[in-house]
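Input: a single structure, listed below in structure tokens.
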Amino acid sequence: MQTPILSIKNISKAFPGVKALDGVNLHLYEGKVMALLGENGAGKSTLMKIISGVYTLDSGELIYQGKSVAFKNPREAQLEGITIIHQELNLIKELSIAENIFLGREPVQIIGKIDWKKLYSDSEALMERLGLKRSPKTLVGELSIAEQQLVEIAKAISFNAKVIIMDEPTDALTEAETERLFKLIKDLRAENKAVVFISHRLEEIFEICDQLTILRDGKPVCEAEVSDFTKEMIIEKMVGRKLEEQYPYMEAKKNSDTVLTVNQLTNTHVTDVSFDLKAGEVLGVSGLVGSGRTELAKTLYGLYPITSGEIHLLGRKVHFKSPQEALKMGLAYISEDRKSEGLVLGLSVAENMTLSCLDQFVGKMGNVSHSKEKSVVGDYIEKMSIKTPSQSQMIKLLSGGNQQKVAIAKGILNQPKVLILDEPTRGVDVGAKKEIYEIINQLKAEGMGIIVISSEMPELLGISDRIMVVHEGRNKGILSRQEASQERIMSVALQ
């Protein structure tokens with residue numbers, strides 16, 4: 001029987017107020033791709049950070065290549081042949097692609113100076129494997145999130161590691177980029193590397209993985225061959241129950257008032273976009289990455305100036321000069337990049353939730369009423385099923401799904417009439433996804449107009465009343481729920 005290159009034996013790890021891992025076991029084999037599965041907060045990222053030297057374990061043992069090891073830091077793990085592609089991008093935006101890939105390991109000439117020619121050619125070879133069509137001299141700050149993710153992957157494989165951990169690597173990638181990544185993973189498998197693949201997109205597990213390990217609430221549930229499982233079986237093991245309905249749809253009320261009207265909106269990002277949104281309606285926005293979906297949302301939110309066209313909110317013509325103005329007048333936007341644009345990771349759950357509406361809690365003397373703030377935050381934690389030990393818990397210690405719920409709560413605490421959700425379930429597990437869909441239904445029932453931008457076609461088809469198809473910054477058509485299908489959406493986008 002094949003000996004594991006890496007074995008995890010009875011590992012436990014706790015943080016203040018949270019037992020992240022409790023007696024976890026896992027085995028990695030050369031030439032195999034292991035799927036690590038579980039809901040947000042199940043302990044996946046914590047376990048991978050222990051393996052890669054980011055965290056130290058509290059108890060248990062890590063056996064690597066037959067020896068018991070305890071890495072003090074990621075550098076130590078990298079030198080031993082273990083590397084990780086983090087879900088949170090870890091790049092220096094002021095440096096070039098090549099400088100980021102080989103930071104601290106730059107090739108040098110005999111005289112000790114950096115060999116720039118080799119640095120760029122080695123980087124180019126790695127970029128070519130991933131289909132990243134950029135100059136290696138390009139500053140990382142000029143790249144899209146998807147391109148930055150590819151740089152992270154290039155950096156990880158540049159170590160020629162024996163164990164490669166990929167934490168949500170396809171999260172920001174297009175379909176074509178994901179296909180290239182999967183080809184790379186197959187190449188790594190053929191080179192006898194051991195790969196750990198973390199993803200909430202279960203269809204990817206069946207496409208690329210050989211084995212799976214499932215965690216639930218920090219505890220091991222099972223280790224098995226992927227071929228022994230169906231998608232439904234995986235979900236049941238992950239959440240501990242059957243998920244009867246993945247997309248709980250609630251029909252919109254008929255003859256509702258129009259809350260938002262957009263006429264021939266144009267700027268450097270979008271061209272001649274027109275549509276309307278009714279109270280209690282979910283308008284899905286579909287389009288390939290780079291189609292202008294997010295740019296449209298940020299234009300509506302006052303982040304990008306308008307060249308021509310009009311926006312009417314609640315029947316009144318508006319011209320937002322800033323996001324603050326849009327928020328004050330009843331339009332809220334929840335960013336696709338919650339960690340950079342939606343939340344302040346160094347603040348608590350409560351501080352993040354009330355950050356944009358502190359004026360609601362200011363008393364007559366000009367002081368913030370912390371008792372009122374605590375009461376409101378407590379209501380939203382309960383209402384949105386946010387799993388946190390306390391309101392004062394640092395937001396960065398929550399799972400991705402719970403961080404996302406806090407980001408949504410932050411938006412709706414302003415009681416907007418229109419809520420724009422940009423990729424609301426990115427990096428969120430199936431159980432938390434359903435909870436977010438139920439929150440959307442609840443807001444819909446309260447009469448809020450909701451725009452949902454998503455790269456996941458089944459999600460849009462499952463929760464939307466209508467779907468607007470955006471391509472190259474233009475509205476190519478709006479489909480009713482009855483008309484919409486994946487094929488029809490693609491057809492409209494490319495017509």
Side-chain angles (χ1 to χ4, degrees), residues 15-18 20 39-41 44-46 49 54 86-91 93 144-145 148-149 152 167-168 171-172 200 294 297-298 301-303 322-324 326-327 331-361 368 370 373-374 376-416 419-429 432-433 435-436 439-440 443 450-454:
F15 297 102
V18 181
E39 292 190 90
N40 288 111
K44 307 183 298 295
S45 292
T46 301
K49 284 174 180 175
V54 178
H86 291 285
Q87 188 178 2
E88 302 91 5
L89 297 172
N90 192 22
L91 301 169
K93 295 186 178 183
S144 68
I145 295 290
Q148 288 181 34
Q149 183 71 68
E152 278 281 18
D167 193 354
E168 299 284 355
D171 218 20
H200 292 305
T294 293
K298 289 183 174 179
Y301 192 48
L303 198 62
S322 67
Q324 291 83 356
L327 199 58
L331 190 148
Y333 168 70
I334 311 299
S335 170
E336 63 176 330
D337 187 0
R338 62 177 173 261
K339 291 196 168 105
S340 296
E341 298 179 359
L343 300 169
V344 181
L345 299 183
L347 296 182
S348 70
V349 170
E351 288 166 330
N352 268 280
M353 207 181 281
T354 60
L355 195 59
S356 60
C357 61
L358 277 174
D359 56 335
Q360 291 184 26
F361 307 104
V368 172
H370 292 293
E373 183 185 23
K374 188 175 181 181
V376 170
V377 169
D379 287 345
Y380 273 87
I381 287 172
E382 188 178 340
K383 180 180 176 181
M384 301 181 75
S385 303
I386 296 168
K387 296 180 183 72
T388 177
S390 72
Q391 296 186 15
S392 58
Q393 178 81 326
M394 294 275 273
I395 194 88
K396 66 182 178 184
L397 297 177
L398 297 193
S399 68
N402 286 301
Q403 286 181 4
Q404 186 65 4
K405 288 183 202 172
V406 173
I408 295 171
K410 179 185 164 191
I412 62 179
L413 255 170
N414 288 281
Q415 299 176 319
L419 178 68
I420 304 173
L421 298 170
D422 196 350
E423 301 286 4
T425 64
R426 174 173 282 169
V428 172
D429 65 76
K433 274 184 179 182
E435 289 175 344
I436 288 171
I439 290 165
I440 290 171
L443 298 173
I450 303 165
I451 296 173
V452 176
I453 299 169
S454 177

| task | List the steps, then state whether side-chain contact (heavy atoms from CB on, under 4.5 Å) holds for Leu355 with Val344. | result | CA-CA 9 Å; Leu355 195 59; Val344 181; 3.8 Å; yes
Find the distance between [atom1] ([X]) and [atom2] ([Y]) and round it off to the nearest 0.5 Å.
| X | Y | atom1 | atom2 | answer |
| --- | --- | --- | --- | --- |
| Gln415 | Leu327 | CD | CG | 11.5 Å |
| Ile381 | Met384 | CD1 | CE | 10.5 Å |
| Glu168 | His200 | CD | NE2 | 4.5 Å |
| Ile450 | Leu419 | CD1 | CG | 6.0 Å |
| Ile420 | Ile451 | CD1 | CD1 | 4.5 Å |
| Glu423 | Thr294 | CD | OG1 | 7.0 Å |

| message | Looking at Lys383, I'd like to know if its NZ atom is crowded, meaning that more than 12 non-hydrogen atoms belonging to other residues, nucleotides or ligands lie closer than 6.0 Å. | response | yes
Hey, are [Y] and [X] close enough side-chain-wise for a donor-acceptor pair under 3.5 Å?
| X | Y | answer |
| --- | --- | --- |
| Ser335 | Asp422 | no |
| Glu373 | Thr354 | yes |
| Gln393 | Ser390 | no |

Which heavy atom in [X] sits nearest to a heavy atom in [Y], and how many Å separate them?
| X | Y | value |
| --- | --- | --- |
| Asp167 | Ser45 | OD2-OG, 2.9 Å |
| Tyr301 | Ala326 | O-CB, 3.5 Å |
| Ile386 | Tyr380 | CD1-O, 4.1 Å |
| Ser392 | Ser348 | O-CB, 3.5 Å |

| query | Yes or no on side-chain contact (heavy atoms from CB on, under 4.5 Å) for Lys405 and Ser385, after CA distance, side-chain angles and deciding distance? | reply | CA-CA 8 Å; Lys405 288 183 202 172; Ser385 303; 4.1 Å; yes
| note | Only residue of Ile408, Ile453, Ile439 satisfying side chain to side chain contact (heavy atoms under 4.5 Å, CB included) with Leu421 is Ile408
| field | Single hit among Val349, Asn402, Val406 for side chain to side chain contact (heavy atoms under 4.5 Å, CB included) with Thr388 | value |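 So the option named by the test is Val349.
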| request: Answer yes when Glu435 and Lys387 have at least one side-chain N-carboxylate O distance shorter than 4.0 Å, and no when they do not. | output: yes
| query | Counting N and O atoms only, with roles assigned by atom type, does the side chain of Gln404 sit under 3.5 Å from a partner on the main chain of Pro424, one being a donor and the other an acceptor? | reply |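 Yes, the answer is positive, given that a donor and an acceptor are paired below the 3.5 Å cut-off.
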| Of all residues at least two apart in sequence or in a different chain, which pass the salt bridge (Lys or Arg N to Asp or Glu O under 4.0 Å) check with Lys433? | Glu456
| query | Under 4.5 Å between any side-chain heavy atoms of Leu331 and Pro416, yes or no? | reply | no
| task | Report yes if some heavy atom in the side chain of Gln403 is under 4.5 Å from a heavy atom in the side chain of Leu343; otherwise report no. | result | yes
